[in-house]
Every structure is written in C-alpha cells, then in structure tokens.
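Before any comments, here is the structure.
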Amino acid sequence: MNAVKVDKVVKTPQQGGLRQAMAWLHTWSGLWISWLLFAIFLTGTLAVFDDPIGHWMTPEHALEEAAHANDPPLPKVTDRAHRLELALDFMAKEHPQADMWEIWPVQRPGHGLSAYWFQPSGGYGSADLDPLTGAVIEHAREVTERETIGGHHFVDFHYELHTGRIGVWIVGITTMIMLVALVSGVITHKRIFKDFFTFRPAKGQRSWLDAHNAVAVLTLPFQFMIAYTGLAFFSDDYVPAPVVAQYGMENPKRAFLADWNDAGKPARSGQPLAIPALESFAQRAEQAIGQEIRAVVLDNPNDASMRVCMYGWNEDTELLTRLSANSGRACYALATGEQVALRLPGESDTGGAGLTRSVMSNLHMVGFGGTPMRWLYFFCGLAGTAMMGTGAIMFMVKRRQKSGGEFGAYTQRVYRVIACLNVAAIAGLSIACVGFLWANRLIPVGLEHRAGWEVRAFFGVWFLMLVHACLRAEKRAWIEQLGLLAALCLLLPALNLLSTGDNLVAQVARGDWESAGVELCSMAFGLLAAWGAWKVHKRKEKPLKKTAARENAAPAASLQVNTEGQS
Amino acid sequence: MKSANMLLFSRVLAAIFGGYALTSGVAVLLSAVLPLSRAEAVLTATLSAFVVYTCAVIWVFAVQDLRRAWLGMLLPAILCGGLGLLLSRGAA
C-alpha cells in the first residue's frame, strides 16, 4: 500500500533526486542481468584454472605423465636448421601456392615440428611433421584416452556461451549493463567506506545488503577492470562505426585487421627468388630480441619481396615482471638480408593503442604474475560472483517482506519467476558446473563425439535444475539444489576413485597438485553449499506482524528505506 | 500509470539506442581527429567508447526532463558523427 502512495507523489525515480534515480537504475539493470552475469562470472572464475581442470579431466594423460615424472628431462633439441629445412621442403612440395608459411621448429622437449599456412582458397591449414624425417604425422585418437574439451569449456562458455558470435554479443551487452550497474551502484552508495565496515549478520535483508556491499566494495577495482578489459577484446565489433568511417563500407574489418596485423607486409613483386637457409636469420633474431625463437613466418615465398618474421617465446619468469604478453619479433627482407622490423618483448607493432589492448587482454586473462596472481583472480572472481548472487537474492528478500507492486496485477507471478530464476541461476548453474566434471567420468570413454556430450550434459543438468526450481516451492528448491550441489562437490573425489582408481592421497604423494587442487576446491565448495542448505533449512519465515508494525509507525521513512535498500 | 510506463520505456530506449548513437558518433569523431596512424586512432576510439556509453546511460537516467535526455543523446551524436565523417580519411 505504501508503495502505491509513494508512486503517486513521486512519478518517476528521476524526480526523487540523483540517488533515487541511480538506486532505481542499479536495481533494475542489475536484476535482469544478474542471472546471466552470475553464470559468466562463475565460469570465468573457474576458467582462471582451466589448465588444472583440463588436467583433472584427462586422467589417462595425467597418470601417464605421473609415470614418467622421474625420468631425466629430455635434452634440448639442437638441430633447428635441419628442422627448418624439413618444414620448408614439406611446404614447397605440398602447398607451394600458399602466400604465408608458418613453421614452429620448437626446440623444447615434448614439442615437435609443425607447419601452418593460409590456403589460397581461404582458411588456415596445419600439419604436424616428424622432426627427424619431415613426414606428416597422422593423429589417430587413442581409444584409451577420453576425448574432452576440458577446462576450456568454462573459457568458451564465459565469453561466447558456446554459441559463437551471438554469444559474444550477448556477453558484451551484459557486460556493458554491468558497467552501468557498477557506476550507478557507486553513486547510490554515498557512505561507501562506512558501509564496507558494517556487517549485521542474521538480520535478513540488512545482512544480504551488507554482504552485497562488502564483496562489491572490496573488489570494486577488480570488477571495473575485468568488465572493461572484457569489452576491449571485441571493441571494434561492438562499436564498428569508427572502423567503417575510416576504412570504407567494403569489408572494413578486414582492412582494419590488415593494417593491424600485417603492418609492413610486402606486396608480391613477381620476380622469383629462392628461399635461403633460415637458421642464420633465426640466430640474428635471437640476438636482436633476446628470446628463443618459437615461430618462423614466411611471407610471399619464392618471390623477390619475400620477408621472414621470427617470433620469440615468452618465458614464464618474464611474465612475472611484465604486463604485455607480446613476444619479441624481428623481420628480415630476404632479397637483401636487411632487418625491416623489430619489436622487443612486451612492445607493440603499432603504438600506444595496440599496446593498451594487448595489456588489457593480458590483464583480463591473468597472463602475468604466475600462480599467486591466479589465486587472487580466483578469489576476486568469486567475490564478483557473490556480488551477483547476493544482489539477485536481496531483490527477492526485500520483496518478500513488502511487495513493491511494480508489475501491477502480475506482480506476484513475476516475483515467482524471478525466484525460480534465482535458484536455477545460482544453485542450478553451480550444479551444472560440477555436473560437467561428473559427466567427464561417467560418459563412456569410447563414445563418438564424446566431448560434445560433456557440454550437452552441462546444459542438460542446468535445464533440469530450471525445471526443478519452477516445480518446487522456493524454499524447498533452494534446500534441495544446494543439498545436491554439496553432495556432487563432496563426492567428486569418490567418483574419481571409483572411475579411475586415483585418489587424493596418491595425487599429493606424487606431487600432482593440479588434480588434488581440483578435488580439494570441489570439497570446499561442497562444504559451503552444505552450510547454505542448512541455513535455508533453519530459516524461519519472518513474522509479518513485526514488519507491518514498523511500516505503520514510520510511513514517511519508506522512501528512505527504499533508497538504502536498493543498492 | 500507463503514461508513466511509457515515459519510462522511452527513457530506456533513449539510454540504449540514443546512448549507442552518441557513443558511435563520438568514436567516429575521435578516430578522425586523433593525431595517430589510422589503425591506432580507430582502436583508441573503440577502446574508449565504453566510457562514453556508460556516462551517457547514467546521464539519461539522472536528468529529469525526458526531452532533454533524448536531445542530449541525439544532438551531439549527429554533430560528432557528421563532423567525424567530414574529417575522415580514406573512406571511399
């Protein structure tokens, strides 16, 4: 009733002043994206550790690796000159028409020799070569090894929801709204630091608000950084107007990329020129950039305009002290042997904007700082996830106490849908994530298109949880889904033991902290979910009388409460 | 109540589409006038676009008069975009 009265006095949030307007914007922009954003944040947080998760998901490979753990390290390969020749012979014989040849004469143990090329018909070709003979290696999938996309599932879902370009746009729009929600949230909170030090536990709505504020304020710089750098990856797709304005209507994106990636790429002259031995150029490049050579890219082979570019390896230790992940690069015109371009490690080919984007993408993907930084990102990501979750839940907690009547006659039905989505998006998605790991162990190893079935299992479980959340009463749905989540997380090590025979003790004993870390984290999440289920179970519905009494006593204060509560 | 809803809907449209038009206009102008190479200027414009968009949306919801909100988006969008297109290099 009160809400209606307020509605008559204050027609739009704008007339209630800046903070009221921002509180409205924060509540509603935040609510509609909170479910999807929760999913994007949780999978993004897991994606920080996509390698360890992938390691856990390929147990055959992990166990074989463990069996050879005590072997002496393979010697560094020293016959790079020979390998380069083998790859050039292969390309000259098989793909002479390609105007770009790329060779990876990798000198590190465990790496072989690979060739890549742009096909004249378009597209990118690749072949792995035997480093001793140059023969093409045919990769037959070993039936004993399970086919999986591993932790990369979380990366793919995080930025494109497994739906390609459409997903990139949906994630981009959601992220843009998140930026708006962050800024309006900050404006709403004038007492931002005071609020941070305020926590009133077990007080229903106040506690949810305090928790929401605490995780948001604590990690605010991280949330701004991760949202903005996330948008930067596809900034020229999201805002194509300047690209079209500067490059014309016809295929502007391609022209822009060419300006971008192929700066200084020579035009074909038509005069023939034999390909010289490339090893001496590789050695010159190593001198120039101070890095070992990773890739050799040959433009316009057999033409007088031929250019070779040598790309370096980034060592892990370099990325502890450097934010840009660009490796070094040195290019030579092969007709004269002259060095035509040089990029030192960490620099950009084009300038400040290029360097900015490179640093932004590396900031987003935590390509620097090593393992400690990954853990920091993991916890900040969890805080962000908690920010979405508490925000969505708070919306309902507030309205359970006092309906806002925002949707007229449909209000109760809309609230019911929001409550369903809360359960399915928060508990349901978490179940889908751990369900993905369960699917990895339960789907038969030899199944056709097995990797695809794992992803289908993820979406299938999520959908089932949505159906369940809609069928059950809200409180029951929370308890049951959190209980299921706890069981799946806590039993993950048991599942691994039963399916592969591997267990936590053995993992720790052989120093396999990647596998052990996945299972320990899973158990920690399981305990958290169990605690959550127990808390919901214990929760008593607030006596309605008390709330009503407070409202009657201070009707004038309701606007104030609204402003504070909507943050 | 009905008209309040329509006013709100119009404001949301102003924020989403008006804000995007303004963002694009400013980005076109930036890409045309920044004293950088073409690729660098375009990239700078697209990277800074999200600041413009965020501020535009916040402003649309902060301002009281709805007509001012729409004008505040579209007028500078047309001005910046038009000026940017006039000054653009290379566009065929």
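Nothing here was measured: the structure is a model prediction, and the numbers come from that model. Computed over heavy atoms, backbone and side chain alike; hydrogens, waters and symmetry mates excluded. Proteins get letters first, then strands, A, B, ... in listed order; numbering begins at 1 in each.
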- Note on the structure: Here the pair of heavy atoms bringing A:Met22 nearest to B:Ile58 is CE-O, 3.5 Å
- Item | Between A:Ala21, A:Ala227, A:Gly354, A:Gly408, the one whose heavy-atom pairs under 4.5 Å with chain B are most numerous | A:Gly354
- Might you point out which heavy atoms bring A:Pro240 and B:Tyr20 nearest each other, and give the distance in Å? CD-OH, 3.3 Å
- Item | Among A:Asp259, A:Leu231, A:Leu18, residue most engaged with chain B (heavy-atom pairs, under 4.5 Å) | A:Leu231
- Given a strict heavy-atom distance threshold of 4.5 Å, which part of B:Leu8 is in contact with chain A: side chain, backbone, both, or neither? side chain
- Message: Once rounded to the nearest 0.5 Å, what's the spacing between atom CZ of A:Arg357 and atom OG1 of B:Thr44?
- Response: 10.5 Å
- Check the pair B:Tyr53, A:Val180 against side chain to side chain contact (heavy atoms under 4.5 Å, CB included), reporting the backbone distance first and the verdict last. CA-CA 9 Å; B:Tyr53 204 173; A:Val180 170; over 6 Å; no
- Within the side chain of B:Glu40, is there an N or O that forms a donor-acceptor pair under 3.5 Å with the backbone of A:Gly352? yes
- For the pair B:Leu43 and A:Ser235, evaluate side chain to side chain contact (heavy atoms under 4.5 Å, CB included) and give the outcome as yes or no after the intermediate values. CA-CA 8 Å; B:Leu43 190 61; A:Ser235 63; 4.3 Å; yes
- Task: Check each atom of A:Leu179 against the heavy atoms of chain B and say whether the ones under 4.5 Å are side chain, backbone, both or neither.
- Result: both
- Can you tell me how far OH of A:Tyr247 sits from OG of B:Ser88, rounded to the nearest 0.5 angstrom? 11.5 Å
- Query: So B:Phe50 and A:Val239, side chain to side chain contact (heavy atoms under 4.5 Å, CB included) or not? Walk me through it.
  - Reply: CA-CA 9 Å; B:Phe50 310 110; A:Val239 189; 4.2 Å; yes
- Message: So for atom CD1, which belongs to A:Ile166, do other residues, nucleotides or ligands contribute more than 12 heavy atoms lying within a distance under 6.0 Å?
- Response: no
- Message: Looking at B:Arg38 and A:Gln246, would you say the former's side chain and the latter's main chain have a donor-acceptor pair under 3.5 Å?
- Response: yes
- Item | Heavy-atom side-chain contact between B:Val42 and A:Phe256 under 4.5 Å | yes
- Distance-minimising heavy-atom pair for A:Pro242 and B:Val28: N-CG2, 3.9 Å
- Query: Given that the side chain runs from C-beta out, which part of B:Val26 has a heavy atom under 4.5 Å from chain A: side chain, backbone, both or neither?
  - Reply: neither
- Query: Do other residues, nucleotides or ligands put more than 12 heavy atoms under 6.0 Å from A:Tyr410 OH?
  - Reply: no
- Task: Would you check if the side chain of A:Tyr228 reaches a backbone N or O of B:Leu47 as a donor-acceptor pair within less than 3.5 Å?
- Result: yes
